[in-house]
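To start, the structure itself, in structure tokens.
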Amino acid sequence: MTTQKILPPSVSELRALFNGKVIAPDDPRYEQARTVFYGGVDKHPAAIVRVADAGDVSRLVSLAREYGFDLAVRSGGHSGAGHSTSEGGIVLDLSAMKNLVIDHEHQTAWVEAGMTAGEYTTAVGAHGFVTGFGDTGSVGLGGITLGGGVGYLTRKFGLTIDNLLAAEVVTADGQLLHVDEDSHADLFWAIRGGGGNFGVATRFKFKLHKLEKIYGGMLFLPATAETIASFLSEADSAPDELSAILNVMPAPPMPFLSTDVHGKMIIMAMMVYAGDVQVGERVMSKFRAIATPYADMLRPMTYPEMFPPEEGGYHPVAASTTMFLDHVNRSVAQFMLDTLSKSTAMMAVTQLRVLGGAMARVPADATAFAHRGSRIMANLAALYNNPEEKEHHEAWVSKYEKELRQSDQGAYVNFLGAVDQAQVRAAYPGSVWKRLVEIKKRYDPTNLFRLNQNIPPK
Ligand SMILES: Cc1cc2nc3c(=O)[nH]c(=O)nc-3n(C[C@H](O)[C@H](O)[C@H](O)COP(=O)(O)OP(=O)(O)OC[C@H]3O[C@@H](n4cnc5c(N)ncnc54)[C@H](O)[C@@H]3O)c2cc1C
């Protein structure tokens, strides 16, 4: 006999409870509201509660605890594992909570967790300020911050969490806590890398840095073993002001690339020099000299210009994984090129991020993100259309990862897809895991917050 799961209270009762909107399957907005960034995630929640304030968050968390339904927490909806939705459960959707208050005098900002990185960057950028997140504007502040935050300002100003001064968090008992170095310091440590395991962050307080202009943009170079290795070596020895994200991949048919380049292996580098633009130009000249660029779009600009408008309705299906590398010399680079060329995916990419700088100067035990000494982050991905090819592309990614693996066994939690417990533990090496479990037991003993890269309370 099957027992039908009845959601207590009913949708109409839920609607009466919240200041925000409750979107159920009968609502014309439901299809759009249940859609997350990644394609291939097709879940039907019983309702999506677009919370309006911390009171709504607390009420929904308390209901989930009382009735035991699955609670998915969503900020920007970019979870690679599809964690921010649920089949039959309720989605706590923060996307209507976007209040931002800038304190010019102290150079800080309080922002609600439903804002996207791009919205925040534009808003504070209008005042000449920056806080670093990742490389994509549509990512939500909630997910990227709680996992760590690696982007264009990492070597200059550290990870996103290194710029997090405080947060407000609704814990499993429904309480709204102010969390910082002095208040619930254990929780403050855990939410800086431990993801959504400990509660729902409703607001963050970030450091703001004055940065009127950068020298940055995109540089397209031919990808050979030589150019990839040289690029990484230059990026590693460059001043901290420079952060670079390289994508090694076959050239897409981009209008500014000549047609004879389309399909050839390229380095598509996204680069930021976060300092004096003249010095920035000199630093970039070393990268320009690696090979004759296919396209050179590096120039003085404002930081928000690094986040051009994104294509709405883009929902890629991806097989992907993440790892850290110690070095990429010519033979490693050649192996990458050979492996990429063997993929049958619509698009196969190896993304490389040179780490170090400010992020590496934070002690490894200062936050739950513990990979301070890691040198290079590598994301391996195969994008495809046909869901029947899933297994094939996943096997390619998994073999690639095994063969590429060097001594660093860690992983960055925010780039993990749907993984098993062992892979989640790779994000939290050694004593970090034990410490996180203890804090989880304290704040979420029943594992109410389990739709995430989960740290069970046992
Ligand atoms: C295109 C793309 C580009 C990316 N680029 C970068 C990058 O450059 N640098 C980088 O570091 N990462 C990057 N990421 C990874 C990204 O940081 C993670 O996927 C992150 O979890 C997304 O956050 P979100 O709020 O958009 O996602 P969501 O799917 O909304 O949330 C992801 C998970 O975070 C938790 N969560 C979200 N908000 C809250 C909250 N307020 N309180 C408690 N828990 C919460 C939940 O567990 C949820 O399941 C990228 C991802 C994509 C898809």
Side-chain angles (χ1 to χ4, degrees), residues 35-39 41 48 51 54 57 60-61 70-86 89 91-95 97 111-120 132-154 159-161 167-172 179 187 190-191 193-204 243 245 247 270 272 306-307 310-311 314-318 320 322 349 351 353 355 359 369 371 377 379 381 383 412-418 424 427 443-444 448-455:
T35 305
V36 289
F37 175 79
Y38 276 108
V41 179
I48 296 135
V51 288
V57 174
L60 187 49
V61 166
D70 263 357
L71 183 69
V73 180
R74 183 187 306 168
S75 171
H78 281 53
S79 159
H83 282 143
S84 45
T85 184
S86 149
V91 176
L92 189 164
D93 178 350
L94 290 145
S95 65
M97 288 180 58
V111 59
E112 286 184 326
M115 224 187 209
T116 65
E119 290 164 343
Y120 174 93
F133 296 94
D135 62 8
T136 301
S138 55
V139 165
L141 293 190
I144 192 166
T145 302
L146 298 171
V150 183
Y152 296 132
L153 300 174
T154 295
L159 301 172
T160 302
I161 48 171
E168 287 175 355
V169 180
V170 172
T171 44
V179 174
L187 190 52
I191 63 165
N197 273 284
F198 308 92
V200 181
T202 56
R203 288 214 299 167
F204 298 112
S243 291
I245 301 178
N247 292 293
M270 281 107 75
V272 166
M306 286 301 292
F307 301 89
E310 287 166 48
E311 235 176 272
Y314 175 59
H315 299 293
V317 183
S320 70
T322 188
V349 189
Q351 185 184 76
R353 299 174 183 226
L355 305 173
M359 107 169 224
F369 177 100
H371 313 282
M377 187 190 290
N379 294 323
L383 308 187
Y412 171 43
V413 73
N414 268 350
F415 282 124
L416 289 175
V424 178
Y443 290 96
D444 184 17
L448 178 71
F449 301 110
R450 57 185 175 271
L451 292 181
N452 44 40
Q453 301 299 1
N454 197 231
I455 300 163

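In each ligand, atom 1 is the first atom listed, and ligand 1 is the first ligand listed.
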Using a 4.0 angstrom limit on heavy atoms, which residues are close to ligand 1?
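Near ligand 1, by chain and number: F37, Y38, V73, R74, S75, G76, G77, H78, S79, H83, S84, L94, A113, G134, D135, T136, V139, G140, G142, G143, I144, L146, G149, V150, G196, G199, V200, A201, R353, Y412, N414, F415, L451, N452.
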Just jot down the ring-ring contact (aromatic ring centres under 6.0 Å, His included) partners of H83, sequence neighbours excluded, or say none.
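ring-ring contact (aromatic ring centres under 6.0 Å, His included) check on H83 returns nothing, list empty.
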Partners meeting side chain to side chain donor-acceptor pair (under 3.5 Å) with R353 (sequence neighbours left out):
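Residues passing side chain to side chain donor-acceptor pair (under 3.5 Å) with R353: D135, Q351.
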Apply side chain to side chain donor-acceptor pair (under 3.5 Å) to T322 and list each qualifying residue two or more places apart in sequence or on a separate chain.
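For T322, the residues satisfying side chain to side chain donor-acceptor pair (under 3.5 Å) (neighbours in sequence not counted) are N379.
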Side-chain contact test, heavy atoms from C-beta onward, threshold under 4.5 Å: evaluate it for F449 versus V200 and give yes or no.
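Result yes, sub-4.5 Å side-chain heavy-atom pair found.
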Side-chain heavy atoms of L146 within contact of F204, under 4.5 Å:
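L146 reaches F204 side chain to side chain.
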Under 4.0 Å between a side-chain nitrogen and a carboxylate oxygen: does that hold for R450 and D444?
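D444 and R450: not salt-bridged.
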